[in-house]
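Reading through the structure tokens given below for one structure.
Every chain is numbered from 1, with letters handed out A, B, ... down the list of sequences.
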Number of protein chains: 2
Amino acid sequence: MNEVEKFLEDQKVRPTAMRILIYKYMAQKKIAVALTDIENAFTKSDRTTLYRTLKTFEENGIVHQIDDGTGISKYALCENGCNCEIEQDLHLHFHCSNCNETVCLTEHKIPHINLPEGYLAEDVNLVVKGICEKCSGQ
Amino acid sequence: MNEVEKFLEDQKVRPTAMRILIYKYMAQKKIAVALTDIENAFTKSDRTTLYRTLKTFEENGIVHQIDDGTGISKYALCENGCNCEIEQDLHLHFHCSNCNETVCLTEHKIPHINLPEGYLAEDVNLVVKGICEKCSGQ
DNA sequence: CAATAAATGCACTTCCATTGCACTAATTAT
DNA sequence: ATAATTAGTGCAATGGAAGTGCATTTATTG
């Protein structure tokens, strides 16, 4: 049994052929992917399957969903220690308005936000839009 | 000529009856509103009109659009000196997962974000999700 | 008052997210 | 091992919101 299979099982996700492929696909991509991207990569499989695979992955802490402001949900693998649940560990996302790609800047943690009296934070989403390093020509 | 009319003209927006009503509606609401909210408040008017009114308001610095992560665009009046264009002046938004309302925390500016080499920031969106003061019972 | 421009209303389209249901594959119990 | 049960997949369809084209009405300007 290979590594991916073992990992999925550890996350309580049954390692079906499709799930393994999707996982590998996302691991090889460095950027966040949309359902449509996966759909285009696996034309043999149905959109629903891919959709539900992502949801399953999300529920089991394998990927996190990203709202990058484009209106299209993106997904990225959680890094080890991603802990997308715990507020303190949230990283920010960058969306390039030129190439339209979204990346996790995992090393950039979101600073603590002070809220007015009575407000309780459960989740923070921080998206920076601009030009990525690839497109800025550096 | 009343105040609202004058204000709209100052912003280069012709103060039609509908626009004045929408403006007043948004001013009276303390929270960000969705197109659907306005639609429900003005059933006599057409959705397209309301939609385009918001776009017109947005283009002329009267409202700013808010992506609070619900997938539904919200709009809120710009405060005087809102300057939603200038990155430094951006405030954060709070979305209550209980009452589903979104508010501008205009006094809370978004801290400066350090990006990796080569990344250029043009826009920042920071949304905190949690329980608002009304719902937390304070 | 006529000509022009802006605003409005209606119908329609598109796009993505999501669900219901049938079918197949895999797992567990007998 | 085989039947019973559960999980996964595929197809079809729905829903919700954003956006567009065009005809009509209203306002502005010459």
Side-chain angles (χ1 to χ4, degrees), chain A residues 1 4-6 8-25 32-60 62-76 95 100 102 125, chain B residues 1 4-6 8-25 32-60 62-76 95 100 102 125:
Chain A
M1 168 150 62
V4 173
E5 267 182 73
K6 199 154 34 168
L8 291 180
E9 291 206 335
D10 285 351
Q11 305 293 317
K12 312 274 184 241
V13 169
R14 300 222 313 237
T16 67
M18 209 53 234
R19 287 173 176 171
I20 293 169
L21 284 173
I22 295 176
Y23 182 88
K24 285 185 177 167
Y25 172 78
V33 297
L35 177 54
T36 309
D37 298 328
I38 301 180
E39 213 181 336
N40 292 335
F42 300 101
T43 48
K44 300 288 170 51
S45 182
D46 186 73
R47 187 185 165 75
T48 313
T49 303
L50 305 173
Y51 173 75
R52 289 201 252 241
T53 299
L54 286 172
K55 289 295 165 202
T56 304
F57 279 6
E58 193 187 0
E59 280 162 19
N60 293 280
I62 296 170
V63 305
H64 57 273
Q65 190 176 0
I66 301 164
D67 174 6
D68 63 6
T70 59
I72 297 164
S73 291
K74 305 280 168 64
Y75 300 84
H95 176 72
N100 212 35
T102 300
N125 185 33
Chain B
M1 168 148 62
V4 174
E5 268 182 71
K6 197 153 36 165
L8 291 180
E9 291 206 334
D10 286 351
Q11 304 292 317
K12 313 275 184 238
V13 169
R14 301 219 317 236
T16 67
M18 209 53 234
R19 288 173 175 172
I20 293 169
L21 284 173
I22 294 176
Y23 183 89
K24 285 184 178 167
Y25 172 78
V33 298
L35 178 54
T36 309
D37 298 329
I38 302 181
E39 212 182 334
N40 292 336
F42 300 101
T43 48
K44 301 288 171 52
S45 183
D46 186 73
R47 217 179 64 83
T48 312
T49 303
L50 305 173
Y51 172 75
R52 289 202 252 242
T53 298
L54 285 172
K55 290 294 165 204
T56 304
F57 280 6
E58 193 186 0
E59 279 162 20
N60 293 280
I62 296 170
V63 305
H64 57 273
Q65 191 176 358
I66 301 164
D67 174 6
D68 62 6
T70 60
I72 297 163
S73 290
K74 305 280 168 63
Y75 300 84
H95 176 73
N100 213 34
T102 299
N125 186 32

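Rounded to a whole Å, the CD1 atom of B:I22 is 12 Å from the C1' atom of C:dA7. Between the CD atom of A:E58 and the P atom of C:dA17 there is a distance of 12 Å, rounded to whole Å. One atom, CD1 of A:I72, and another, C1' of C:dT14, lie 12 Å apart when rounded to the nearest Å. Atom CG in A:N40 sits about 14 Å away from atom C1' in C:dC15, given to the nearest Å. We find that CG of B:L50 is positioned 15 Å from C1' of D:dG19, with the value rounded to whole Å. For B:L35 and D:dG16, the CG to C1' distance is 12 Å, given to the nearest whole Å. Nucleotide C:dA7 holds its C1' atom 13 Å from the CZ atom of B:F57, rounded to whole Å. Rounded to whole angstrom, the span from the CE atom of A:M18 across to the P atom of D:dA7 amounts to 21 Å.
Within 4.0 Å of B:S45, counting heavy atoms only, lie sugar-phosphate atoms of the nucleic acid but no base atom. In this structure, A:R14 reaches the sugar-phosphate backbone alone: every heavy-atom distance under 4.0 Å involves primed, P, OP1 or OP2 atoms, never a base. Using a 4.0 Å heavy-atom distance criterion, B:R19 is classed as a sugar-phosphate-only contact. At the heavy-atom level, A:S73 lies under 4.0 Å from the strands shown only through sugar-phosphate atoms.
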Item to check | Candidate pair B:I66 and B:H64, rule side-chain contact (heavy atoms from CB on, under 4.5 Å), full reasoning | outcome: CA-CA 6 Å; B:I66 301 164; B:H64 57 273; 3.7 Å; yes
Checklist entry - How far apart are the C-alpha atoms of B:F57 and B:T53, what are their side-chain angles, what is the distance that settles it, and do they pass the side-chain contact (heavy atoms from CB on, under 4.5 Å) test? => result CA-CA 6 Å; B:F57 280 6; B:T53 298; 3.8 Å; yes
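At C:dC10, none of the side-chain N or O atoms of B:R47 fall inside 4.0 Å of OP1 or OP2 (strictly under the cut-off). Residue A:Y51 places none of its side-chain N or O atoms closer than 4.0 Å to OP1 or OP2 of C:dA17. OP1 or OP2 of D:dT9 has not a single side-chain nitrogen or oxygen of A:T48 nearer than 4.0 Å. Using a 4.0 Å cut-off, no side-chain N or O of B:T16 falls inside it from OP1 or OP2 of D:dT26. The shortest distance between the side-chain N/O atoms of A:K55 and the OP1/OP2 oxygens of C:dT18 is below 4.0 Å.
Classification of B:K55 and B:E58 as a salt-bridged pair holds, one side-chain N sitting under 4.0 Å from a carboxylate O.
If you check distances only, the side chain of A:R52 does reach the base of D:dG10 with a donor-acceptor pair under 3.5 Å.
Taking the side chain as every heavy atom from C-beta outward, A:V13 and A:E59 never approach each other to under 4.5 Å.
Expressed to the nearest 0.5 Å, how far CG of A:L50 lies from CZ of A:R47 amounts to 8.5 Å.
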